[in-house]
Asker: 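Below: one structure in structure tokens.
The structure displayed is predicted, hence computed values, not measured ones. Just follow the structure's listing: the first ligand is 1, and inside any ligand the first atom is 1. The basis for the numbers below is simple: all heavy atoms, side chains too, and nothing from hydrogens, waters or symmetry mates.
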Amino acid sequence: MVYSLYMEKKLLQKAERTHHLTREDIISLLKLSEPSALFQAADKVRREFVGDGVYLRALIEFSNYCKNNCLYCGIRAGNARVQRYRLTPTEIVETAKKAVGYGYKTVVLQSGEDLWFDTDKLCDIIRQIKKLDVAITLSIGEKTREEYAAYHQAGADRYLLRIETTDKSLYEKLDPSMSWDNRVRCLHDLKELGYEVGSGSLVGLPGQTLESLADDLLFFQKLPVDMAGIGPFIPHPQTPLSNEKPDGHFELALKMMAVMRLLLPDINIPATTAMETLHPQGRLLALQAGANVVMPNTTDTEYRPLYALYPGKICLGDSAEKCRGCVERKINSIGRHVSSGKGFHGDYKKGK
Ligand code: 5AD
Ligand code: FES
């Protein structure tokens, strides 16, 4: 016991100093039953590399149509019980304007893979929102390199595309008809085109191993990503994985996030909303274990319950204005503050 505590301390010191860990090192950190020293190390590295400021990103869930059928996802095409909705381009731009009015400097446009929004429509929306002087993040799935280039040209700055898992066979089992290689291709294309690239994983998928979670972190480090979101898998009752249990996923996701901060000290890491679904203080605990970003929901209240990727989503009945205030108060309650900048990767070191 004493020996293993000593080893843990050595490992954390090595990570804080070098930001390099082997696969075996990562696995032993993910196995920790008492991870408070890991969280403290991640918190220290976060403060040193990205400071005490928290970047807010306004999340707009603009369509829950999806052509894919991920086994874990509540809005999968095969879920006939979902009431589908799609905001019009004007509604999307109006929602973005409201977000800017609440002080947001980044707008995240997220949807299922909805083919109604072709390149022309999306580029037009991006151009209009860009006039508001905000950073634009897209989270709309797998596209061709040409499509990604067009969105970037129109003004999109960042792109979120979780790899979900680096275990290729697990990925292709859980995301039937999708190709893991194509997803990796997307991430490389986005990087080459000059986007800030965000990826991430689901934690607690059936059949997922600690080895593959360690591989996820090494994959993010190799790319390297500019941002990465770690979310616990929460079984949705209207999906084929409805009988799974989310037990232990919160703790493991928190450990993944903390190790990620040690490996990628200056990237942007969101305290994900799914964390707060599993734990009432989920986002605050995440902010104290490596995270420095929160993405409050800015979608109109009538659509929020329909964008149910997983059950128990927080703030379903709350207005965008209420979420904005609530999140800031929570952030202040732990001695942190909302950052005023757009929050690009590396801005803190540049004094922005
Ligand atoms: N539980 C938690 N997160 C989920 N996502 C999809 N389904 C679930 C679920 N059941 C996540 C995926 C996707 C992101 C937008 O939402 O990781 O990339
Ligand atoms: Fe929509 Fe997976 S169900 S991308």
Asker: Which atom pairs, one a donor and one an acceptor, fall under 3.5 Å between side chains of residues 37-44 and the rest of the protein, sequence neighbours left out?
Answerer:
residue, atom, partner, partner atom, Å
D43, OD1, R46, NH2, 2.8
K44, NZ, E16, OE1, 2.8

Asker: So, are E196 and K342 salt-bridged, with charged N and O less than 4.0 Å apart?
Answerer: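 Looking at K342 together with E196, the answer is no, because their closest N to O distance does not fall below 4.0 Å.
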
Asker: Hey, are K130 and D157 close enough for a salt bridge, meaning a charged N less than 4.0 Å from a carboxylate O?
Answerer: yes

Asker: Can you name the residues that come within less than 4.0 Å of ligand 1, going by heavy atoms only?
Answerer: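 Around ligand 1, where the cutoff is 4.0 Å for heavy atoms, the contacting residues are Y72, C73, Q110, R162, E164, L202, P232, F233, I234, L309, Y310.
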
Asker: Looking at residues at least two apart in the chain, or sitting in another chain, which of them share a salt bridge (charged side-chain N to carboxylate O under 4.0 Å, His left out) with K121?
Answerer: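 Counting only residues at least two positions away or on another chain, K121 forms a salt bridge (charged side-chain N to carboxylate O under 4.0 Å, His left out) with D118.
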
Asker: Could you pull out every donor-acceptor pair under 3.5 Å between side chains of residues 261-270 and any protein atom, sequence neighbours left out?
Answerer:
residue, atom, partner, partner atom, Å
R261, NE, G290, O, 2.8
R261, NH1, P265, O, 2.7
R261, NH1, I267, O, 2.8
R261, NH2, I267, O, 3.2
R261, NH2, G290, O, 2.9
R261, NH2, N292, OD1, 3.2
D266, OD1, H345, NE2, 2.9
D266, OD2, H345, NE2, 3.4
N268, OD1, N292, ND2, 2.9
N268, ND2, G343, O, 3.1

Asker: Can L30 be reached from L278 by stepping across I, L, V, M, F, W or Y side chains whose heavy atoms are under 4.5 Å apart?
Answerer: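 Result: yes, single cluster for both.
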
